Amino acid sequence: MITTRPRGTADILPEEAGRWRFVEDTFRRICREYNYREIRTPVFEHTELFERGVGDTTDIVEKEMYTFRDRGDRSVSLRPEGTAPVVRAYLESNLHSGPQPVKLYYTGAMFRYDKPQAGRYRQFHQLGVEALGSSHPALDAEMIAMIMDFYGRLGLKGLELHINSVGCPRCRLALKDELQNYLRPHAGELCINCKNRLERNPLRVLDCKEKNCDRIAVNAPTTLDCLCPDCGDHFDAVKEYLDRLGVVYQVDGRLVRGLDYYTHTAFEVMSTDIGSQSSIGGGGRYNGLVEACGGPPAPGVGFALGIERILLAMKGRGAYFPAGDRPDVFVVSADAECEKDAFDLLFALRKCGLGADMDYMGRSLKAQMKFAGKTGCRFVVILGGDELKRGSASVKDMTNGSQIELPLKGLAEEIKKLIGGN
RNA sequence: GUGGAUGUAGCUCAGGUGGUUAGAGUACCAGAUUGUGGCUCUGGGGGCCGUGGGUUCAAGUCCCAUCAUCCACCCCA
């Protein structure tokens with residue numbers, strides 16, 4: 001059926017698109033202030049990039065990628081996330097041999113073959129930033145502060161910021177041992193998933209939401225219990241920088257993010273009122289990723305935010321959105337003979353930079369007025385035989401209904417003055 | 001991938017136990033004395049009742065399948 005969109009996709013209609021633009025514009029502004037520069041990468045990549053970069057044991061790669069073979073028999077995939085492509089570009093264009101860190105931001109569509117539900121789509125849109133080449137804890141803090149700053153400017157409230165450190169690979173190994181020792185006696189009480197996780201990836205038992213698992217996990221050793229001295233220092237420094245900025249956070253030793261490449265700092269922002277898909281943004285440090293992608297050892301930090309979920313949270317809280325675009329002027333012809341003059345006038349107005357439109361449905365004067373009212377225009381210019389004889393036009397202010405007659409010559413400039421005057 | 005709910009005009013929804021030409025509100029269009037919006041009144045256009053099967057003399061109404069949406073699990077943005 002050609003009149004239905006693919007499952008899990010959405011059309012962003014004009015009214016909604018205005019809200020998207022508001023979110024995106026706010027993001028771009030903040031990126032400029034924090035000195036992150038835009039990067040645009042392809043919407044599809046070699047499948048191998050995601051297998052290596054995201055991790056081939058993650059759900060994303062195992063069962064959620066849009067993968068296909070192109071006509072040259074190459075396996076390519078629609079990007080399921082933005083970090084791996086940015087890292088690839090960083091390497092491919094030798095950005096790592098320039099001044100570090102390289103601070104980049106991106107916006108765009110991502111694709112995941114999930115079952116759609118509230119706040120979860122197959123094509124969704126992310127805003128993200130990555131800072132490559134520095135392992136300084138102030139950078140982790142800057143990024144977390146930046147997200148909260150961004151949400152604040154959108155008028156989002158009722159958010160929870162959770163932070164954690166998942167340590168380096170050595171810490172993880174230690175934790176894995178500790179966890180398995182703690183969990184094995186409880187194995188019989190865990191859910192089926194967690195029984196499997198116990199041997200393969202016991203970290204994930206920590207944020208299982210099953211009641212029994214949750215109860216057991218509360219007392220389990222966390223990532224924080226197993227941090228090596230270096231990782232502990234790094235995390236303390238991140239917290240200190242956040243404290244200096246007055247950023248409010250909760251340390252959550254059970255926060256384990258799904259992607260394999262995270263090391264050290266991990267963070268996530270939750271909204272309490274958008275349904276079960278409550279995460280509206282998250283990120284962390286990934287010091288092993290660049291190397292895993294075939295580059296030199298280079299650290300990185302980044303985050304990604306979901307636009308759809310941000311919008312959901314904003315609507316849930318009745319957040320402010322700026323008014324949509326509307327024309328400055330609508331040109332109305334009082335009788336059919338004036339239509340061509342109205343057309344000329346319309347283009348004269350536009351040439352002066354005014355947003356202008358007219359009726360294209362052959363409507364009566366009354367209907368044209370009605371239609372003009374619905375466009376939300378500020379002024380209506382009425383052109384009729386009487387006015388034309390005098391070389392003038394009637395200008396009606398739609399906000400108060402007042403009407404004056406002005407000469408056609410220089411009309412656009414006059415209207416500009418009237419708009420500027422308010 | 002698993003489970004639950006729903007699917008009637010553009011939109012929001014009515015349509016007891018199956019029975020003639022499927023309704024409302026809203027939106028859209030046109031009128032309400034001769035060149036003017038927002039309020040009010042009147043009229044009008046618009047529906048493969050998601051789709052495909054089945055039961056029945058008869059199905060929007062019952063059964064099955066399928067597709068889609070929503071909700072939860074899972075996962076994550």
Side-chain angles (χ1 to χ4, degrees), chain A residues 1 3-10 13 23 54 58-64 79-83 107-128 147 191-194 196-197 204 207-211 213 255-259 268-271 274-283 302-313 330-338 359 361-388 393-403:
Chain A
M1 181 55 80
T3 56
T4 53
R5 58 186 193 269
R7 181 161 206 205
T9 64
L13 272 18
V23 171
V54 179
T58 57
D59 280 8
I60 291 178
V61 171
E62 273 186 347
K63 48 191 193 192
E64 292 173 5
R79 61 180 179 199
E81 57 97 51
T83 302
T107 73
M110 306 294 162
F111 305 85
R112 263 131 80 167
Y113 193 88
D114 264 0
K115 188 155 170 180
Q117 74 182 69
R120 193 169 77 187
Y121 309 92
R122 288 184 174 176
Q123 178 179 334
F124 60 102
H125 300 79
Q126 288 188 334
L127 308 169
I147 299 192
C191 70
I192 292 177
N193 280 329
C194 286
N196 293 330
R197 288 168 178 155
R204 302 213 49 80
D207 61 2
C208 180
K209 283 133 201 150
E210 289 285 332
K211 270 187 194 139
C213 304
L255 171 63
V256 178
R257 297 183 49 80
L259 282 50
E268 186 159 1
V269 183
M270 330 269 270
S271 166
I274 61 171
S276 73
Q277 306 299 316
S278 58
S279 167
I280 61 170
F303 68 69
L305 316 177
I307 298 182
E308 287 87 349
R309 290 187 189 172
I310 289 172
L311 255 6
L312 268 179
F330 196 90
V331 181
V332 155
S333 37
D335 34 75
E337 296 82 70
C338 302
D359 174 60
M361 296 301 286
R363 279 185 255 249
S364 66
L365 171 61
K366 188 185 176 74
Q368 286 179 66
M369 291 301 296
K370 201 172 169 183
F371 182 70
K374 270 182 285 221
T375 66
C377 63
R378 176 67 201 284
F379 293 101
V380 167
V381 173
I382 301 155
L383 218 52
D386 299 347
E387 284 92 341
L388 271 183
S394 298
V395 177
K396 180 165 184 169
D397 185 336
M398 297 299 270
T399 55
N400 56 25
S402 68
Q403 189 169 317

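FYI, side chains are in, hydrogens and waters are out, and symmetry mates aren't considered; it's all heavy atoms of this structure. The sequence lines fix the lettering, A, B, ..., with proteins before strands; numbering per chain opens at 1. From a predicted model like this one, the values you see are computed outputs, not experimental measurements.
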task: Dump the intermediate steps for side chain to side chain contact (heavy atoms under 4.5 Å, CB included) on Val332(A) and Leu365(A), then the final yes or no.
output: CA-CA 7 Å; Val332(A) 155; Leu365(A) 171 61; 3.1 Å; yes
query: Ignoring hydrogens and angles, are the base of rG35(B) and the side chain of Glu387(A) linked by a donor-acceptor pair under 3.5 Å?
result: yes
message: Using whole Å, what does the distance between atom C1' of nucleotide rC76(B) and atom CG of Leu312(A) come to?
response: 14 Å
field: Distance between C1' atoms of rG54(B) and rC11(B) (Å, rounded)
entry: 33 Å
I'd like a list of close polar pairs between nucleotides 26-33 of chain B and the protein, N/O only, cut-off under 3.5 Å.
unit_1  : atom_1 : unit_2    : atom_2 : d
rC28(B) : OP1    : Lys374(A) : NZ     : 3.0
rC29(B) : OP1    : Arg363(A) : NH1    : 2.8

Whole-Å distance separating the CG atom of Asp397(A) from the C1' atom of rG37(B): 13 Å
- request: Taking ring pair (Phe, Tyr, Trp, His ring centres under 6.0 Å) as the test, write out the residues that go with Phe371(A), two or more places apart.
  value: Phe330(A)
Contacts of type side chain to side chain contact (heavy atoms under 4.5 Å, CB included), residue Glu337(A), not counting sequence neighbours: Asp335(A)
task: Could you state the atom-to-atom distance from CZ of Phe379(A) to C1' of rG38(B) in whole Å?
output: 17 Å
- prompt: Which whole number of Å gives the distance between the P atom of rG37(B) and that of rA32(B)?
  reply: 12 Å
message: Using whole Å, what does the distance between atom P of nucleotide rC67(B) and atom CZ of Arg5(A) come to?
response: 17 Å
- request: Indicate, with a heavy-atom threshold strictly under 4.0 Å, whether Ile280(A) touches base, sugar-phosphate, or nothing.
  value: sugar-phosphate
- request: Describe the nucleic acid contact of Gly8(A) in one word from base, sugar-phosphate, nothing, applying a heavy-atom distance below 4.0 Å.
  value: sugar-phosphate
task: For Gly401(A) and for Gly282(A), locate the closest nucleotide of RNA chain B by heavy-atom distance; then report the residue assigned to the nucleotide nearer the 5' terminus.
output: Gly401(A)
With sequence neighbours excluded, residues passing side-chain hydrogen bond (donor to acceptor under 3.5 Å, both in side chains) with Arg309(A): Gln277(A)
Results of side-chain hydrogen bond (donor to acceptor under 3.5 Å, both in side chains) for Ser333(A) - residues two or more places apart only: none
Steps toward side chain to side chain contact (heavy atoms under 4.5 Å, CB included) verdict (Leu305(A), Gln126(A)): CA-CA 5 Å; Leu305(A) 316 177; Gln126(A) 288 188 334; over 6 Å; no
statement: Residue pair Ser394(A)/Pro6(A) against RNA chain B: nearer the 5' end by closest nucleotide is Ser394(A)
task: Could you tell me the separation between the CD atom of Glu64(A) and the P atom of rC73(B), rounded to a whole number of Å?
output: 15 Å
message: Looking at every heavy atom in both Cys338(A) and Gly385(A), which two are closest together, and how far apart are they?
response: SG-N, 3.6 Å
message: Students often get this wrong, so: under 4.0 angstrom with heavy atoms, is Ala372(A) touching a base, only sugar-phosphate, or nothing?
response: nothing
message: Base, sugar-phosphate or nothing for Gly128(A)? Non-hydrogen atoms, less than 4.0 Å.
response: nothing
- prompt: Given the C1' atoms of rG7(B) and rG50(B), what is the spacing between them in whole Å?
  reply: 6 Å
Rounded distance (Å) that lies between atom P of rG35(B) and atom CD of Gln368(A): 13 Å
- prompt: Tell me: CG of Asn400(A) to P of rU36(B), nearest whole Å?
  reply: 19 Å
query: How far does the C1' atom of rG47(B) sit from the matching atom of rG16(B), given to the nearest Å?
result: 23 Å
Whole-angstrom distance between rA24(B) and rG15(B), as gauged at atom C1': 10 Å
task: Would you indicate what Asp335(A) reaches in the nucleic acid, counting non-hydrogen atoms under 4.0 angstrom: base, sugar-phosphate, or nothing?
output: nothing
- prompt: Taking atom C1' in both rG46(B) and rA9(B), what distance in whole Å separates the two?
  reply: 7 Å
task: Starting from C1' on rG35(B), measure out to CG on Leu388(A) and report it in whole angstrom.
output: 13 Å
task: Apply salt bridge (Lys or Arg N to Asp or Glu O under 4.0 Å) to Arg7(A) and list each qualifying residue two or more places apart in sequence or on a separate chain.
output: none
field: Residues that Lys115(A) engages under salt bridge (Lys or Arg N to Asp or Glu O under 4.0 Å), provided they are two or more places apart
entry: none
message: Counting C-beta onward and ignoring hydrogens, is there a side-chain heavy-atom pair between His125(A) and Thr107(A) closer than 4.5 Å?
response: no
task: Consider the side chain of Pro116(A), meaning its heavy atoms from C-beta on, and name the nucleotide among rC70(B), rA77(B), rU36(B) that approaches it most closely.
output: rC70(B)
- request: Begin from the C-alpha positions of Met369(A) and Lys396(A) and carry the test side chain to side chain contact (heavy atoms under 4.5 Å, CB included) through to its verdict.
  value: CA-CA 10 Å; Met369(A) 291 301 296; Lys396(A) 180 165 184 169; 4.0 Å; yes
task: In whole angstrom, give me the gap between the P atoms of rA14(B) and rC73(B).
output: 27 Å
- line: side-chain hydrogen bond (donor to acceptor under 3.5 Å, both in side chains) filter on Gln403(A), not counting sequence neighbours, yields none
query: So what does Gln123(A) hit on the nucleic acid, given a heavy-atom distance under 4.0 Å: a base, only sugar-phosphate, or nothing?
result: nothing
- prompt: Who are the salt bridge (Lys or Arg N to Asp or Glu O under 4.0 Å) partners of Arg122(A), not counting sequence neighbours?
  reply: none
Pairwise P distance, rU6(B) and rA65(B) [rounded to whole Å]: 15 Å
field: Residues which pass salt bridge (Lys or Arg N to Asp or Glu O under 4.0 Å) with Glu268(A), listed by chain and number, not counting sequence neighbours
entry: Arg257(A)
query: Can you list the stems that include RNA chain B, where a stem is three or more consecutive Watson-Crick or G-U pairs with distances under 3.5 Å?
result: B:1-7 with B:67-73, B:10-13 with B:23-26, B:28-32 with B:40-44, B:50-54 with B:62-66
message: Protein within reach of the bases, or only the backbone? For nucleotides 1-7 of chain B, mark each nucleotide 5' to 3' as B, S or -, using heavy atoms under 4.0 Å.
response: BBB----
